Amino acid sequence: MKQYRRIVPVMACVGMLAMVLSGCGGDAGGKQIVRIGHNQATDHPTNVALLEFEEFIEERLGDKYEIEIYPSELLGSQTDMVQLTQTGAVDFCVASNSILETFSENYTLFNLPYLFASAEAYHAAMDDEEIVGPIFESTKKAGFEAVTWIDAGTRNFYTVSTPIESPADLKGLKIRVQQSPTNVRMMDLLGGSATPMGFGDVYTALQSKVIDGAENNEMALTSNGHGDVCKYYSYDMHQMIPDILIGNCAFLDGLPAEEREIFEEGFRLVNSVEREEWVKAVEAAKDKAEHEQGVTFLYPDTKPFQETCEAMHQEMLGRYPDLEPIYDKIQDHNGQHPSEKE
Ligand code: GCU
């Protein structure tokens, strides 16, 4: 297998991308190369799960396919990678659900702040085929479909030097958000100044004080080094946004039935391995952030944040009424797995 690290010189990345785009190296001794891109570091649960996928597929179909994993934005930003997956230059990539909102409005649903009442409700909803099925298939005409979801925990605000205890503390702060209309709207409502940018640019923007903070799960502090710069991480719990593994439709539809079944099993493996790894990785990230990076974790009352964003649910349903039955199904899961605080 081939592993590439972030330290690969920029020119080499550009060369690699050009090679991928031109289709060179698409054949490894008669085998079909299957390329998977993502934007996380090699020690991240997403990469660990994809490595298991690689092993699983190559053990069973290794005479036909060679899986190549490109971590750390080596194939570009998530938006670039989704476009490459649409055309088939790349076969699969991991994209945040936020980014997919700009490719299909259906994905707006999972980006809503405070959509899920608890982590249990979030997991149960994302495991519910009746909820994710119609959304995952909705981009087929655009050339790609979702094959599984990947846990990315809970998103919270973190800043270089301002403890965030309530929405009022965000006033006047420039906060990086993902490039999605929902995230910009959320930030506007909460009073901060939304600064959309790609994930790979956040560290430099924090360090150079172009932004005052960002919002993400705990892994961003350690795996991406944001905790070296940001000293306050505040559990306002505003979103649980899944990552989505998407695949090129021509590749998937071209698989013979028995091979497709093996790939499907592999996708389920990605989901289960990543979820197991995630729990351990977040625990380790919190420990490292607190004890080695000197990050202070804050636990504000989440209610004022939630109330400030509440209007977004009705706004979304007004704009996309077709999503209402799915939204209602999520509420059923919320009823079964309410927040522990209530
Ligand atoms: C998380 C998520 C990524 C996403 C990133 C971001 O790390 O797992 O898919 O790109 O947040 O904030 O952009």
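All values derive from a computational prediction rather than experimental measurement.
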Surrounding CD of Glu276 (heavy atoms of other residues, nucleotides or ligands, distance under 6.0 Å), is the total greater than 12? no
Please determine whether a side-chain nitrogen of the Lys or Arg among Arg275 and Asp127 lies less than 4.0 Å from a carboxylate oxygen of the Asp or Glu. yes
When you group the ILVMFWY residues by side-chain heavy-atom contacts below 4.5 Å and let the links chain together, are Ile69 and Met219 in the same group? no
Does some side-chain heavy atom of Leu221 sit less than 4.5 Å from a side-chain heavy atom of Gln293? yes
What do the steps show when you test Glu277 against Lys280 for salt bridge (charged side-chain N to carboxylate O under 4.0 Å, His left out), and what is the final call? CA-CA 5 Å; Glu277 291 295 318; Lys280 292 183 268 173; 3.2 Å; yes
I would like to know whether Glu215 and Arg155 meet salt bridge (charged side-chain N to carboxylate O under 4.0 Å, His left out); could you show each step before the answer? CA-CA 6 Å; Glu215 48 80 52; Arg155 296 184 77 94; 2.9 Å; yes
So do the side chains of Tyr122 and Thr154 get within less than 4.5 Å of each other, counting heavy atoms only? no
Partner of Cys249 under side chain to side chain contact (heavy atoms under 4.5 Å, CB included), chosen from Leu252, Asp253, Ile246: Asp253
Within a strict 4.5 Å, meaning less than it, do heavy atoms of the Leu170 and Ile164 side chains meet? yes
CZ/Phe53 to OG1/Thr148 distance, rounded to the nearest 0.5 angstrom? 10.5 Å
What do you reckon, is CD of Glu55 surrounded by more than 12 foreign heavy atoms closer than 6.0 Å? no
Would the distance check show the side chain of Asp91 and the main-chain N or O of Arg35 forming a donor-acceptor pair, the cut-off being under 3.5 Å? yes
Is there side-chain contact between Leu100 and Val82, with at least one heavy-atom pair below 4.5 Å? yes
To check you understand the geometry: which heavy-atom pair defines the closest contact between Leu206 and Gly213, and what is its length? CD2-CA, 3.8 Å
Test item: Asn97 and Asp243 side chains (from C-beta on) under 4.5 Å apart, heavy atoms: no
Mind checking whether Phe116 and His123 have side chains closer than 4.5 Å, heavy atoms only? no
Check whether Thr85 reaches the backbone of Met81 with its side chain - one donor and one acceptor, N or O, closer than 3.5 Å. yes
Indicate the atoms forming the closest heavy-atom contact of Asp236 with His238, along with that distance. OD2-ND1, 2.6 Å
Does any N or O in the side chain of Asn106 come within less than 3.5 Å of the main-chain N or O of Phe136, such that one atom is a donor and the other an acceptor? no
Taking Lys31 for its side chain and Gly62 for its backbone only, find out whether a donor-acceptor pair lies under 3.5 Å. yes
Does Glu274 use its side chain to pair, donor to acceptor, with the backbone of Asp151 at less than 3.5 Å? yes
Is it possible for you to say whether Phe199 and Val282 belong to one hydrophobic cluster, with membership spreading through side-chain heavy-atom contacts below 4.5 Å? no
How about His313 and Tyr327: does a side-chain donor come under 3.5 Å of a side-chain acceptor? yes
Establish, from distance only, whether the side-chain atoms of Asn156 and Tyr233 form a donor-acceptor pair under 3.5 Å. yes
Using the ring of each side chain (for Trp, its six-membered ring), is Phe297 parallel, tilted or perpendicular to Tyr235, with breaks at 30° and 60°? parallel
Between Gln239 (side chain only) and Asn111 (backbone N and O only), is there a donor and an acceptor less than 3.5 Å apart? yes
Closest heavy-atom pair and its distance - Ala281, Pro45: CB-CG, 3.6 Å
Donor-acceptor check, side chain of Asp169 to backbone of Glu165, threshold 3.5 angstrom: yes or no? yes
Given side-chain contact (heavy atoms from CB on, under 4.5 Å), test Ile131 with His333 step by step and report yes or no. CA-CA 11 Å; Ile131 290 177; His333 287 291; 3.5 Å; yes
Below 4.5 Å, heavy atoms only, C-beta onward: do Arg185 and Met312 meet side chain to side chain? yes
Under a 3.5 Å distance rule, please check whether Ser72 uses its side chain to pair with a backbone N or O of Leu74 as donor and acceptor. no
More than 12 foreign heavy atoms under 6.0 Å from NZ of Lys174: is that the case here? no
Strictly by ring-ring contact (aromatic ring centres under 6.0 Å, His included), give each pair with a member in residues 159-189 just once, sequence neighbours left out. none
Closest heavy-atom pair, Met187 versus Ser193, reported as atoms and distance to 0.1 Å, is CG-C, 4.3 Å
Below 30° counts as parallel, above 60° as perpendicular, anything between as tilted: where do the rings of Phe263 and Phe92 land? parallel
If you apply the rule side-chain contact (heavy atoms from CB on, under 4.5 Å), what do you find for Glu290 with Val295, and how did you get there? CA-CA 5 Å; Glu290 191 171 348; Val295 176; 5.8 Å; no
Could you see if Val184 belongs to whatever hydrophobic cluster contains Leu115? Use Ile, Leu, Val, Met, Phe, Trp, Tyr and a side-chain cutoff under 4.5 Å. yes
Taking atom CD as the centre, does Glu130 end up with more than 12 heavy-atom neighbours from other residues, nucleotides or ligands that are less than 6.0 angstrom away? no
Please determine whether a side-chain nitrogen of the Lys or Arg among Arg268 and Glu261 lies less than 4.0 Å from a carboxylate oxygen of the Asp or Glu. yes
Got a donor-acceptor contact below 3.5 angstrom from the Glu101 side chain to the Thr182 backbone? yes
What heavy-atom pair brings Gly153 and Trp278 nearest, and what distance separates the two atoms? N-CZ2, 3.5 Å
Aromatic ring pairing His226/Tyr158, orientation class (parallel under 30°, perpendicular over 60°, tilted between): tilted
Close side-chain approach of Tyr232 and Phe157, heavy atoms under 4.5 Å: no
Is Met186 reachable from Phe110 through a run of hydrophobic residues whose side-chain heavy atoms are each under 4.5 Å from the next? yes
Looking at Glu283, I want to see if its CD is surrounded by more than 12 non-hydrogen atoms of other residues, nucleotides or ligands under 6.0 Å. no
Intermediate values then yes/no, ring pair (Phe, Tyr, Trp, His ring centres under 6.0 Å), Phe267 and Trp149: CA-CA 9 Å; Phe267 303 144; Trp149 68 280; over 10 Å; no
Is there a path of hydrophobic side-chain contacts, each under 4.5 Å between heavy atoms of I, L, V, M, F, W or Y residues, that connects Ile330 with Ile241? no
Partners of Tyr107 by ring-ring contact (aromatic ring centres under 6.0 Å, His included), sequence neighbours excluded? none
Note: Pro134 and Ile326 closest approach over all heavy atoms is CG-CD1, 4.0 Å
Give the intermediate values and the outcome of side-chain hydrogen bond (donor to acceptor under 3.5 Å, both in side chains) for residues Gln178 and Ser96. CA-CA 9 Å; Gln178 292 178 286; Ser96 170; 2.9 Å; yes
Would a distance-only check, ignoring hydrogens and angles, find a side-chain to backbone donor-acceptor pair under 3.5 Å from Asn217 to Ala152? yes
Worked check of salt bridge (charged side-chain N to carboxylate O under 4.0 Å, His left out) between Glu259 and Arg60: CA-CA 9 Å; Glu259 291 181 10; Arg60 285 157 185 80; over 6 Å; no
Walk me through it: do Cys309 and Leu190 pass the test side-chain contact (heavy atoms from CB on, under 4.5 Å)? CA-CA 7 Å; Cys309 299; Leu190 287 169; 3.9 Å; yes
When you check the side-chain N and O atoms of Gln331 and Asp328, is any donor under 3.5 Å from an acceptor? no
Within this structure, what is the OG-CZ distance for the pair Ser166 and Phe305, rounded to the nearest 0.5 Å? 6.0 Å
